[in-house]
Amino acid sequence: MSEAEKYDHHLIEKKWQDKWSQDGLYVTKDDPKKDKFYCLIEFPYPSAEGLHVGHPRSYTALDIVARKKRMEGNNVLFPIGFDAFGLPTENYAIKVKKNPADITKDNIERFRTQLKSLGLSFDWSREVVTTDTEYYKWTQWIFLQLYKKGLVYQSEMPINWCPSCKIGLANEEVVNGKCERCGTEVTKKNLKQWMFKITQYAQRLIDDLDTVDYLEKIKSQQINWIGRSEGAEVSFKIKYPRLAGNKTKHCLIVHGVSGHRRENWFPWLKNVLQEEGWQVGVPDLPATDHPVVNDWTKALMDSFSDVSTIVCHSLGAPAALNLIQETNREIDQLIMVAPVNPLQDWKHLNKEFPHADWDAIKKFADLKFDWKKIKQNVRKVVVYYSDDDPYISPESIDFYKKHIPEASFKLLPGKGHFNERKGIIKLPELLDDLIPSVKIFTTRPDTIFGATYLVLAPEHELVEKLKPEINNFEEVEKYIKASQNKSDLERTDLAKDKTGVELKGVKAINPASGEEIPVWVADYVLTGYGTGAIMAVPAHDERDFEFATKYKLPVIKVIEPIIVHSENQPHPEIVANKSVFAGEGNLINSGKYNGLTSFGKLGAKVKIIEDLKKLGLADSSVQYKLRDWIFSRQHYWGEPIPLVHCEKCGIVSVLEKDLPVELPKVKNYEPTETGESPLAGIKDWVNVKCPKCGGKAKRETDTMPNWAGSSWYFLRYTDPHNDKEFASQQALKYWTPVDLYNGGMEHTTLHLLYSRFWHKALYDLKLVPTSEPYQKRISHGMVLAEDGKKMSKSLGNVINPDDVVKEYGADTLRMYEMFMGPFAEAIPWDTKGIVGVRRFLDKVYLLGLRAKGLGVKGVDEKIKSLLHKTIKKVTEDINEFRFNTAVSALMILVNEMQGARKIDKITFEKLLLILSPFAPHLTEELWLQLGNNKSIHLESWPKFDPRLVKDQKIEFVIQINGKLKDKCLMPADVTEEDVLQYLEQSSKIQELIADKQVVKKIFVPGKLLNIVVK
RNA sequence: GGGCGAGUGGCGGAACUGGUAUACGCGAUGGACUUAAAAUCCAUUGGUGUUUAUCCACCUUGUGGGUUCGAGUCCCACCUCGCCUACCA
């Protein structure tokens, strides 16, 4: 082939790209008569670097699918847009001191030119850009709908904070625990954040995966990320430490003036405490003889000589204080429920309690409390009060706050005076003070007898609560502070030893065995998951084992592996010899559960929980690793969150008619010192009138994350110019769900999950017709650099697609990207390999030139058959995304056609048709040169003839003991008899089996005959 | 540590439900064309051995076992690499 016979890609490609655009060849109209096919690529982020050689790989692949689908008669939607908000642009803007909006505009322009040079059949008329106000107006509108639905809330959350850049970082900006930009170790900072309740959808996000067609590994990644685990919450009671020794558990309950009603709330407490082995004294005194009088006090102390705890209610409170003062006895804890201020004027209550001795009560006012003395005698004071108590005013509580500031004051809203007539008010909180307990989450309740200690996360609230009981509180506090200051990296570094500290003086009771076990605080237990506390079973959990070994805590084996002797199982001794056995098995050392299996419907897992449930000590529980979605970003370049903080009304939505809340232009994009968004500094933007009351208000200055705009862009494509709705119901009904969605594996957790959640929320609001956004999801492999590493600017190994297009043409680039390897796998780029596909296209071109002179009919049967086989193969390969083998099939056909003696125009045209999705420019050029007057891309996809695909004659294989020994040409439907007959005449085979004994013969129709000899 | 996936020539890779391993492409070698080079075309190209008339034999899909008439493909163990994830009880 000479130079002249090579085609000029510059000329051809530009010509057709312009023509197609002029003719609107790829503009899609909604057409209910045609079957729709919605084919979607992840829209790119228009970075300053421009397109990278990885983009065309997936775009071409889906372009091929889209083109084929069109030829098959579908109405195809194949749109394109840009996901343009986000940090890289903001950072770049700060660096070059330009407006991110201007930078974005330039970048998109560059991307458009590049994308257009590839001959992709996008419908550019539907282009969507997330940073356009017409687009983000609707992102904000949807946010408001979700806000109104109660899916959005505000919460103080620790965010990643770079102390050097003074900036909040998104998770994806933290690389190995360090700031992506400056390399400083990232710490945590508490900031109020807007959150999405994605956890509410956790179960549905798992369940509905059954209704969609995703690659298995994508499904499993989603399921893993959501991380459902079934288990149980079990309460471990804390042993009240001061009672452990010589003291008896003795509680005195002192009621108020309404002594006749004390049964309204005392009995339950009395019962519970008695069940726990406490002695309980409730002075059963007539109301008229209320215990203010010193005589009574003395009598009381005589009869209850060893009281460790006093619970008092209402007027019982000053009485109890008086009691403590007068008797000068040490009390462990004093719990005051709705305590009365003794200085209060009680006259107005005379009528309500006519039987009370008001003369005696009035003496309260005369009491002189010696607060110092009282406080010396009581170790711990707890005060419960309510916000709607008709008898106890806030001033009463202030009285106690003034005199006993050390007490813990607990407001329980809506409890009234804690003595409602209608029923008994139970105060589990109070019980927690008397008999505190730790709730733990476990997936292995069957190992509970092996729980030799408890571990609390450092942030666990019980630590503070047990403060008076902890003998080494200073040490504990130091540990907690230290672990809070640790960076995430340090805290999750598995290589480092686990650390922890024991709460000395505190013991917990194993509810199954009744054993006393120590309680530790350690940061290998996470606050955010489960209950923030675990029972440690060192014999059957690696982490617990490691910790127990370090701190010399007991290890009790309670599960024995079931020994099954089977060749297909790992050897049982290997399992048995491990110090930690985390599998299932039979129970030992577990009291009455010994001998049960750990698993199964009748196993210990179920049985133990059932039994503990009856005692009110356990409950089945399902936990998810998935956390709520932190939706706030303290950055400039994102959609403003359309909320307003009003001094009077609190948080108020921006009115729909006032959307979009536009990003103001500012001079400085640098984040602020405080971690607030740069928007906070723009006074005339921040200060607004409240949409509700018209009063003073401030705008929310946080912006949305990138994931917002990309959660619903595919909906906008269906109706991109609608200014009344985000998309019309009609368009949504016709086009959704997306039939085929391709993207990178790196987006299968975050983007895909967020987007599915967002869509489900819209579905619940009846704003979209389907509960799942994407019917099918596939994923492409990365294009690696020639050295096999990731392409990156810093390594200087990036290949620019523009250079390839310039030198070899878009068709060549497209075909090479398809040919390089399996679509789903990462493949290194090989510039040398490109010439192979270019040579192939040159061959096609040459064949085309020759074909012009050919007759309409007359072709070798062999070529005809191969053509039909190739049509079949290419059709199937595109359906299965096996583009590499489709290309190779096309190459084989072209090689054969080149060497063929006889070939006709129709055969060549069919080749062009099946090649056209891969190389749209060249095939269009040749198609029209051959005298056709309509674009090849408007033609139908050719069908193969099944008769021609089947070979008449086949190469039949003769094996001896499975090894190939001979081949012979046979009719496709050859019988065993015919083959055997052939064998008898074959001297070669006869020789080979001459001195052997033929055991049997295996005949596989249409394939082979295997002779088994000895 | 967990999850998923992959190991096939000098290289990228192919092989449908177990049935001819190495398709297709790159590279390499030799030849044709050319003053020469490029381009193009033709031939060869997994390894070893033997023979050189190119016939033949044996070996070969990370390693070691197993199932089977037959294993790149299925099972078990191990090794290596990649991606995602990370103390989730």
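By convention in this document, chain letters (A, B, ...) are assigned in the order of the sequence lines, proteins followed by strands, and residues within each chain are numbered from 1. All values below were derived from every heavy atom in this structure, side-chain atoms included, with hydrogens, water molecules and symmetry-related copies excluded.
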Hey, is [X] close enough to [Y] for a salt bridge, meaning N to O under 4.0 Å?
{"X": "A/Arg444", "Y": "A/Asp446", "value": "yes"}
{"X": "A/Glu546", "Y": "A/Lys550", "value": "no"}
{"X": "A/Asp811", "Y": "A/Arg838", "value": "no"}

What distance, rounded to whole Å, do you find between the two [atom1] atoms, one in [N] and one in [M]?
{"N": "B/G30", "M": "B/A37", "atom1": "P", "result": "13 Å"}
{"N": "B/U20", "M": "B/A15", "atom1": "C1'", "result": "11 Å"}
{"N": "B/A6", "M": "B/G13", "atom1": "C1'", "result": "13 Å"}
{"N": "B/G72", "M": "B/U67", "atom1": "P", "result": "16 Å"}

- Task: Return no unless some side-chain N or O of A/Tyr529 is found under 4.0 Å from OP1 or OP2 of B/A89.
- Result: yes
- Message: Please confirm whether the shortest side-chain N or O distance from A/Ser229 to OP1 or OP2 of B/A89 is below 4.0 Å.
- Response: yes
- Message: Within a 6.0 Å radius of atom NZ on A/Lys439, are there more than 12 heavy atoms belonging to other residues, nucleotides or ligands?
- Response: no
- Message: Under 6.0 Å from the ring centre and within 45 degrees of the ring axis: does the NZ or CZ of A/Lys498 meet both conditions for the six-membered ring of A/Tyr524?
- Response: yes
- Message: Applying a 4.0 Å non-hydrogen cut-off, can you work out what A/Arg228 is touching in the nucleic acid: base, sugar-phosphate, or nothing?
- Response: nothing
- Query: When syn is taken as a glycosidic angle within 90 degrees of 0, is B/G72 syn or anti?
  - Reply: anti
- Query: Just checking, is any N or O donor in the side chain of A/Gln203 or A/Tyr624 under 3.5 Å from an acceptor N or O on the other one?
  - Reply: yes
- Message: If only side-chain N and O atoms count, and only distance matters, is there a donor-acceptor pair under 3.5 Å linking A/Asn895 with A/Lys843?
- Response: yes
- Message: Counting primed atoms plus P, OP1 and OP2 as sugar-phosphate and everything else as base, spell out the protein contacts along nucleotides 13-23 of chain B at 4.0 Å heavy-atom distance: B, S or - for each nucleotide, 5' to 3'.
- Response: SS-B--BB--B
From [options], pick the nucleotide closest to the side chain of [X]?
{"X": "A/Trp225", "options": "B/U85, B/A89, B/C26", "result": "B/U85"}
{"X": "A/Arg839", "options": "B/C58, B/A86, B/U40", "result": "B/U40"}
{"X": "A/Thr443", "options": "B/C59, B/G25, B/A89", "result": "B/A89"}
{"X": "A/Asp541", "options": "B/A89, B/C4, B/C84", "result": "B/A89"}

- In what stems does RNA chain B take part, counting only runs of at least 3 consecutive Watson-Crick or G-U pairs whose two distances fall under 3.5 Å? B:1-7 with B:79-85, B:10-12 with B:24-26, B:27-32 with B:40-45, B:46-49 with B:56-59, B:62-66 with B:74-78
- Side-chain-base donor-acceptor pair under 3.5 Å for A/Lys217 and B/C84: no
- Message: Need to verify one output field. Residue with the more 5' nearest nucleotide on RNA chain B, A/Ala889 or A/Leu626?
- Response: A/Ala889
- Item | Given A/Arg777, A/His780, A/Glu42, the one that forms side-chain hydrogen bond (donor to acceptor under 3.5 Å, both in side chains) with A/Asn742 | A/His780
- Item | Centroid-centroid distance, A/Trp829 to A/Tyr816, less than 6.0 Å | yes
- Message: Quick check: closest heavy atoms across A/Val521 and A/Tyr479, and the distance to 0.1 Å?
- Response: O-CE2, 3.8 Å
- Whole-Å distance separating the CD atom of A/Glu230 from the P atom of B/A89: 12 Å
